[in-house]
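One structure is given below, encoded as structure tokens.
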Amino acid sequence: NKFKEGLAKTRSAFIDRMDDLFRRRKKIDEEFYEELEEIMIGADVGVNTVMELIDGLRAEVKKRRIEDPQELQPILSERLIELLRGDEKVGLRYADSGLTVILFVGVNGVGKTTTIGKLAHQMKSEGKKVLLAAGDTFRAGAIEQLEMWGQRVGVDVIKQSAGSDPAAVMYDAIQAAKSRGVDVLLCDTAGRLQNKVNLMEELHKIYRVIRREIPDAPHEALLVLDATMGQNALQQAKLFGDKTGLTGLVLTKLDGTAKGGIVVAIRQELDLPVKFVGLGEKMDDLQPFDSEQFVNALFT
Ligand code: GDP
């Protein structure tokens, strides 16, 4: 089970502590709630969400006259699944026919290129014809890095020289994709934050060019967030906001954090489905997100 493996750090910090709490405490009292609260906030579940969860548990305890803390555990996991619901097997939106265009946005270093590489690999093994567009013409080495993934996976990359107009790269890539009968075009974009206004304008221009060529596209615009950044990832998401027409999230590096509760916080604070999670650096370490599988991997 990939989820279970990838979530090992979160399991041992967050879930084992909860297990211990549920077993150790004999009574459901204020101290119990306080400790539970502390553990969940420590795992980056997010203060508001934690308060809601605790309120929900209190109500349940009252209603069902629950006395044994251990009886609360399945209720809590059910609630967590509930909070993440809507994300079960959402999958990606593909074009009804012809070319599907998927745009990846996010700050440098969050794992955009890696995610594109992994997804290209996945799609290719499903028999799809995939092409990559090197839309980060700004960061030194970004094009080469995408090309490296292209070689590794065995898919072509459409690029121009460093510093060129990313919208022009997208135009080229769409033409190439159409003439080669490509199924899915995965587009990398720049992630510099030092000039946010320019970056947003650049992204808008990319949108316009894509839409002019294919009115229905981009079929997905996925914001890539680094789970190890915890609450800062949320701040980043707000920076990009809905100005970039986002349709979903990819949460990377979940294997690298003990604070996997961030998935719940992100799901609560942003009105966007989590489409994939990154659980490692290798080609196979990208999983379509499924809330039930996710929570089950944590608790069982
Ligand atoms: P970009 O600047 O957004 O394109 O980020 P990169 O794709 O270059 O990734 C930055 C670093 O994060 C690289 O060292 C990747 O190997 C690593 N990385 C990306 N995704 C994951 C993941 O899911 N788990 C782990 N452990 N590392 C990841």
Side-chain angles (χ1 to χ4, degrees), residues 1-13 44 102-123 130 132-153 155 157-159 162 166 169-170 186-196 199 202-203 206 220-230 232-233 235-237 239-240 244 246 248-263 266 274-290 293-294 297-298:
N1 187 329
K2 278 259 171 212
F3 271 115
K4 222 164 195 169
E5 253 171 65
L7 293 170
K9 284 190 184 166
T10 297
R11 282 169 64 89
S12 61
D44 260 343
I102 303 179
L103 205 60
F104 293 82
V105 305
V107 174
N108 283 339
V110 292
K112 260 188 328 247
T113 316
T114 309
T115 301
I116 292 172
K118 289 170 175 174
L119 202 55
H121 168 66
Q122 232 171 63
M123 289 174 160
V130 181
L132 309 183
D136 184 356
T137 59
F138 186 83
R139 181 171 68 89
I143 300 171
E144 290 72 19
Q145 204 194 338
L146 193 69
E147 281 185 305
M148 222 176 63
W149 269 104
Q151 274 166 16
R152 200 180 293 170
V153 176
V155 302
V157 178
I158 300 299
K159 59 164 186 176
V169 178
M170 296 305 166
L186 303 176
C187 308
D188 194 13
T189 63
R192 61 181 185 279
L193 264 193
Q194 57 271 38
N195 195 335
K196 191 195 151 204
L199 177 60
E202 180 174 311
L203 289 172
I206 288 174
E220 294 276 5
L222 304 178
L223 176 65
V224 183
L225 295 173
D226 175 346
T228 64
M229 296 187 65
N232 287 334
Q235 292 314 115
Q236 255 175 32
L239 261 176
F240 280 87
T244 40
L246 301 173
L249 302 168
V250 178
L251 203 55
T252 62
K253 310 187 198 180
L254 263 176
D255 56 304
T257 179
K259 300 183 168 201
I262 190 66
V263 179
I266 281 178
V274 178
K275 301 247 174 172
F276 292 95
V277 290
L279 298 168
E281 293 188 278
K282 293 193 298 293
M283 227 186 265
D284 291 315
D285 294 334
L286 187 76
Q287 285 285 309
F289 186 67
D290 178 306
Q293 262 182 27
F294 180 80
L298 283 179

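Counting starts at 1 for both ligands and their atoms, in listed order.
When Gln287, Lys118, Arg139 are ranked by how near their heavy atoms come to atom 20 (N) of ligand 1, first place goes to Lys118.
Residue-ligand proximity, Val110 to ligand 1, at heavy-atom distances under 4.0 Å covers atoms 3 (O), 5 (O). Using a 4.0 Å cut-off to heavy atoms of Gly278, the atoms of ligand 1 that qualify are 23 (O). Close approach of ligand 1 to Leu279 is summarised as follows: ligand atoms under 4.0 Å from at least one heavy atom of the residue are 23 (O).
Counting only residues at least two apart or on different chains, the side-chain hydrogen bond (donor to acceptor under 3.5 Å, both in side chains) pairs with a member in residues 249-258 are Asp226-Lys253.
Screening Leu222, Val130, Leu103, Thr115 against Leu186 for a side chain to side chain contact (heavy atoms under 4.5 Å, CB included) leaves a single residue, Val130.
For the pair Lys4 (side chain) and Arg11 (backbone), a donor-acceptor distance under 3.5 Å is absent. Without hydrogens or angle criteria, Gln287 side chain to Lys2 main chain gives no donor-acceptor distance under 3.5 Å.
Of the protein's heavy atoms, Gly111 N, 3.0 Å lies nearest to atom 5 (O) of ligand 1. In terms of protein heavy-atom proximity, atom 27 (N) of ligand 1 is closest to Glu281 CG, 3.2 Å. For atom 18 (N) of ligand 1, the nearest non-hydrogen atom of the protein is Lys253 CE, 3.8 Å. Protein heavy atom in closest approach to atom 7 (O) of ligand 1: Thr114 OG1, 2.6 Å. Nearest non-hydrogen protein atom to atom 8 (O) of ligand 1 is Gln145 NE2, 2.7 Å. The protein non-hydrogen atom at the shortest distance from atom 4 (O) of ligand 1 is Thr113 OG1, 2.5 Å.
More than 12 heavy atoms of other residues, nucleotides or ligands shown are found within 6.0 angstrom of NZ on Lys118.
At a heavy-atom distance under 4.0 Å, only side-chain atoms of Asp255, from C-beta outward, approach ligand 1. Residue contacts with ligand 1 for Lys282 are absent, since no atom lies close enough (heavy atoms, distance under 4.0 Å).
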task = Dump the intermediate steps for side chain to side chain contact (heavy atoms under 4.5 Å, CB included) on Val277 and Phe3, then the final yes or no.
result = CA-CA 9 Å; Val277 290; Phe3 271 115; 3.6 Å; yes
ask   = When you look at Leu203 and Phe240, which way does the side chain to side chain contact (heavy atoms under 4.5 Å, CB included) test go after all the steps?
value = CA-CA 10 Å; Leu203 289 172; Phe240 280 87; 4.0 Å; yes
request  = Could you please spell out the steps behind the salt bridge (Lys or Arg N to Asp or Glu O under 4.0 Å) verdict for Arg192 and Asp136?
outcome  = CA-CA 9 Å; Arg192 61 181 185 279; Asp136 184 356; 5.5 Å; no
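The shortest N or O to N or O distance between Asp285 and ligand 1 is not below 3.5 Å. Of the polar atoms of Lys112, at least one N or O is found under 3.5 Å from an N or O of ligand 1, judged by distance alone. Checking only distances, Thr115 never comes within under 3.5 Å of ligand 1, N or O to N or O. Below 3.5 Å of separation, one finds an N or O of Gly280 facing an N or O of ligand 1. Considering backbone and side-chain N/O of Asn108, none are found under 3.5 Å from N/O of ligand 1. Considering backbone and side-chain N/O atoms, Gly109 comes within less than 3.5 Å of an N/O atom of ligand 1.
A 4.5 Å side-chain heavy-atom check between Leu119 and Phe104 finds at least one atom pair inside the cut-off.
In terms of the side chain to side chain contact (heavy atoms under 4.5 Å, CB included) criterion, residue partners of Gln145 (sequence neighbours excluded) are, by chain and number, Thr113, Arg139.
The shortest non-hydrogen separation linking Val157 to Ala134 is CG1-CB, 4.1 Å.
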